[in-house]
Amino acid sequence: MSIAVEIKDFSKSYKKIQAVDDISLSIQTGEIYGLIGPDGAGKSTLMQAVAGVLRFNSGQIRVFDQLIDSDKSAEKIKHSLGFMPQGLGLNLYPDLSIEENIDFFANLRGVSSETLQQRKKMLLEVSNLNKFKDRAMKNLSGGMKQKLGLVCTLIHQPRFVILDEPTTGVDPVSRRDFWEMLNQLVREENMTALISTAYMDEATRFNRLTVMHKGKVLDSGTADEIIERTPGWLIEIESKNPKELLPKILSHFPQAEEFGQMIRITGFDIAVEKAQKIIESLIDGKKDRWYFVPIGLEDVFIHRLNHVLDQPETVTQMDLNQGLTPLMSTSELSEELIKAEQLVRRFDKFTAVDKVSFNVSSGEIFGLLGANGAGKSTVIKMLTGILPPSEGSGFVAGHDMATSSMAIKESIGYMSQAFSLYLDLTVNENIDLFGRIYGLSGRRLKERSHWVLAMGHLENVQNTTVGSLPMGKRQRLALGCALVHEPRVLFLDEPTSGVDPIGRREFWQILVELAKNTGVAILVTTHYMQEAEHCHKLALMQAGKVVAYDSPKQLKRDLKERRGSVLSFKVSNPYTSLSLLQKSGYSKVALFGSRVQLFSQTVTNTRKTVSEMFVNNNIEIENIMVLEPTLEDVFVDKIESAIK
Amino acid sequence: MMNLQTVLTITKKEMLEIWRDRVYFIMAFVFPFIMILILGFGLSFDVEKMPFAVLDYDNSDQSRDYSYKFISSRYFDYKGSIDSVKKADELINTSKVRFVLVIPPEFSKNIINGYSAEVQAQIDGMFNYRASVVSGYISAINANYNSELIQQWAMKSQGMTSQAISDLISPVSLETRYLYNNELKSIWSTGTGLIVLVMLVSPAMLAALGVVREKETGSIFNIYASTASRSEFITGKLLPYIAISYINISILCLLALWVFQAPFKGDLSVLLVANFFFVASAAAIGVLISSFVKSQAAAALISMLGTMIPGIMYSGLMMPVASMSSEAVIEAHAFPAMYQLEVIWGVFLKGQGWPELWLNILILSGFLILLWLLAVLRFRKRVNG
């Protein structure tokens, strides 16, 4: 295979900030190559430089043997290149229809009208957008915008496409659809693709990938290679009484995490046999159940960052328990603090929220999930008293949201995506300001300030201006400020977007402890499926409706009962395998890089028939895994049945 | 060289967006008219109907006769008589009147006895220009009254005819005739002049926003990553704003005729050609500005101030270029507004045509080429971030 893109010692800085520091990688022709890393890792910078739209400080980039070292040479590759910048649908023109958008991109590239008609027809069919081709882009759903973006990027039949976070902000189903469409087109048109993502769980979608953090390469290779290079294990314990078990586990495995009724332990430095023995001695064989789970890239990433980069302070579960004091006695713990009853909100003819009901008790973490535009924010706005509902009722901390929105505002804490901190003020000044806004003063304010500093582990930075703090610390400060007046209910609107996995993990540890120790009821929205596992209960929203409402464990169990387990084959020729399986009538077949996956109720049988079929078609099977359905599988299933 | 197909693709897309985006549409087609109506009627330089009060300590036939001269003038608006200096201060202070005429107690006695009598005019000096115009009017009325007194005295004591006396008092009589704007209506010159200002600001702002909007959303990356050349993009982006602005300036010229009742005495073809080069240059200024800024807010502010200030200060609209300081004269010549103002006033009020204005048009076209070139050179398809 020939090399399509060669990057050597690439560096780029913006004024004082070093965005990318000395990166080298090469992409082979026909590959789907991934760049994975949290916001600020330098993915966009690298991609823009490769696309020839960003100048850089040092290093070499070659695209199809063309050295990009000047504005002029960068122009030479642009005819063979498609680039989709970051931001869902932001590079499209909102007032133009789907067809007008496509025509614009084609004409800009000088595509002949004959080719245009032919390709437009084909791409609209593949993307299922044909029915909507006259609809203005601004009226499309997130998933449709994303597909239209891809269609526009591919209309001139580029040999090489660069897609910057194409799957951010869309629901799991649209994500799967998108990957399917991309896989098909890359295969049919013999393209090469460079794709970035902030979701670690998408690593398996790539042929090869580079994991980036703070402008540096952590590792490169296939997802399996990277995971194998850091040998470790992941054990999940399902417990009837996790509160009792957790302290015992923590004394042996300080890195253990609590996910609702499940405890999750990752180990890299301890031999698996030894760990297995310890765990068996700790748990109650009748009540508790443990099993191995394949370790994911995110676990490896966090481990690597902790050890390789030697991060100075990470919060462990042990520290946390000391920082927090209970807000109320345990007798109040079962009270229902948030209650939504048949909430409806209409904007003109559009129904943004349609008969949504749920309730959240004290000490409970409730996850509200869904794509951008599913109606999550509207629900939060109604519950916090900002927006009156069209129908239905809601109670927050005992107050009726229709009549006492002021009382609600006093008894809730709210933290938005933007954190709403004052960047020019120091940590202490911010806490002080928020405290005074909520009417605290004197000794009480002082006490609460100490509590916020302790909870967020911010003692060392209390006199630093917030603008110079890393995102993780800002996020903890924002959480503290939202809690400064000891609210009984906490609303968190995508609190972890833009924070790296370590920061996210620490944040969730704090949330879990908060809920447990202070009895605060937490409603949180997130895009990250792994975060959803922390919640006691979940509601998945789709087009304004709740399509699933239960605990993560129960949701997964239900799916397993209905569809069976996931069979995952690592094969030598994934594209052929995929079409073979589809032709043989298997439904729900998905392609993940070099793996094909399908659901099966009769695992042993299916395993045998599929293996035989692969062997008959000269496809080598490297390994076969049987996996538990994930939350993502649950949501894809729920949303698909909701759409039907 | 430029590919016309690519240019038109960009132009067409831009047109569709403006047409369908209500906010943008209003900004493009309504904003210039609101601006010219507000500025046109608000920015009148005529000093008329100045409110004033009289503080008459004398209260005689003579003093009443004197103040009546002011009351009957069309330049002044009599608000009543008052009885104390304190009240006078208060009225001026609260801007209820612009000046107070103070007639002292001995006024009639002094005049009858043949002494000179003093009166005082307390004028609100806040606005220099207005105060000096008011002062001029007062002096004129006062001088007129003086000559009447002399006339009366001479008629009575010398038995002269009024014509003979007037010849004696003012041997040189000044007869003024205002050329080009013979009714001295400032709305004619400001109204037409404002077309230049409005059609400098509006295309620049629209075009700057049009480019920066794409930078802000990220759709500019479509251009960066495409095969479209810099000149194709700049030209394609400029064309719709030139077209819109040309329609607008044509309507504004008609408005000047209908609403401001300005005359049109010159060559229409000169105006049509000059208008094109002028609005195109203005749009090019906007695109040039867009290469320096990243946000729409900054683009709006800078394009507005960057065109409004030179448009007002250095175009000759407020002050003739000839009476500017030498630095200001250079600035006036370095900006297209002055040349267009000469064209507009030339064809509307002075009856000029190609022989007088061909150079202006040449210079305006030069501006367009220069600004387009600068905009193309400033635009980068590979940015620094």
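Chain naming here is simple, since letters A, B, ... match the order of the sequence lines and numbering starts at 1 in each.
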Check ion pair A/Asp71-B/Arg380 (N to O, under 4.0 angstrom):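 Yes, A/Asp71 and B/Arg380 are salt-bridged.
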Salt bridge flag under 4.0 Å for residues B/Arg20 and A/Glu100: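 Looking at A/Glu100 together with B/Arg20, the answer is yes, because their closest N to O distance falls below 4.0 Å.
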Evaluation steps, side chain to side chain contact (heavy atoms under 4.5 Å, CB included), between B/Val383 and A/Leu54: CA-CA 5 Å; B/Val383 291; A/Leu54 183 75; 4.1 Å; yes
Heavy atoms from other residues, nucleotides or ligands near CE of B/Met35 exceed 12 (cutoff 6.0 Å):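 Yes, enclosed.
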Residues, nucleotides or ligands: over 12 heavy atoms within 6.0 Å of A/Tyr14 OH: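 Yes, the 6.0 Å shell around OH holds more than 12 heavy atoms from other groups.
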For the atom pair [atom1] ([X]) and [atom2] ([Y]), what is the distance rounded to the nearest 0.5 Å?
X        : Y       : atom1 : atom2 : result
A/Asn107 : B/Lys12 : CG    : NZ    : 7.0 Å
B/Ser226 : A/Phe83 : OG    : CZ    : 12.0 Å
B/Ile223 : A/Lys78 : CD1   : NZ    : 10.5 Å

Distance-minimising heavy-atom pair for A/Pro85 and B/Gly218: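 Heavy-atom minimum between the residues: CG-O, 3.8 Å.
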Heavy-atom closest contact (B/Ile10 atom, A/Phe104 atom, distance):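 Smallest heavy-atom distance, with atoms named: CA-CE1, 4.0 Å.
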Non-hydrogen side-chain atoms of B/Glu17 and A/Leu96 separated by less than 4.5 Å: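 With C-beta onward as the side chain, the pair touches.
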B/Thr6 and A/Arg109, any side-chain heavy atoms less than 4.5 Å apart: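 They are not in side-chain contact.
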So which part of [X] gets closer than 4.5 Å to some heavy atom of chain B, the side chain, the backbone, both or neither?
X       : value
A/Gln86 : neither
A/Ile17 : neither
A/Ser44 : neither
A/Lys76 : neither

Most chain B-contacting option - heavy-atom pairs closer than 4.5 Å, from [options]:
options                             : result
A/Leu108, A/Leu90, A/Val53, A/Ile77 : A/Val53
A/Lys15, A/His79, A/Gln48           : A/Gln48
A/Leu81, A/Asp95, A/Thr45           : A/Asp95
A/Ser70, A/Ala136, A/Ala49          : A/Ser70
A/Gly82, A/Ala19, A/Gly52           : A/Gly52

Contacting region of B/Glu214 [heavy-atom separation from chain A under 4.5 Å]: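 For B/Glu214, the side chain is the part near chain A, not the backbone.
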B/Asn222 and A/Tyr93 side chains, donor-acceptor separation under 3.5 Å: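 Side chains of A/Tyr93 and B/Asn222: pair found under 3.5 Å.
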Check: B/Lys13 side chain, A/Asn101 main-chain N or O, donor-acceptor pair, under 3.5 Å: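 Checked: no pair found.
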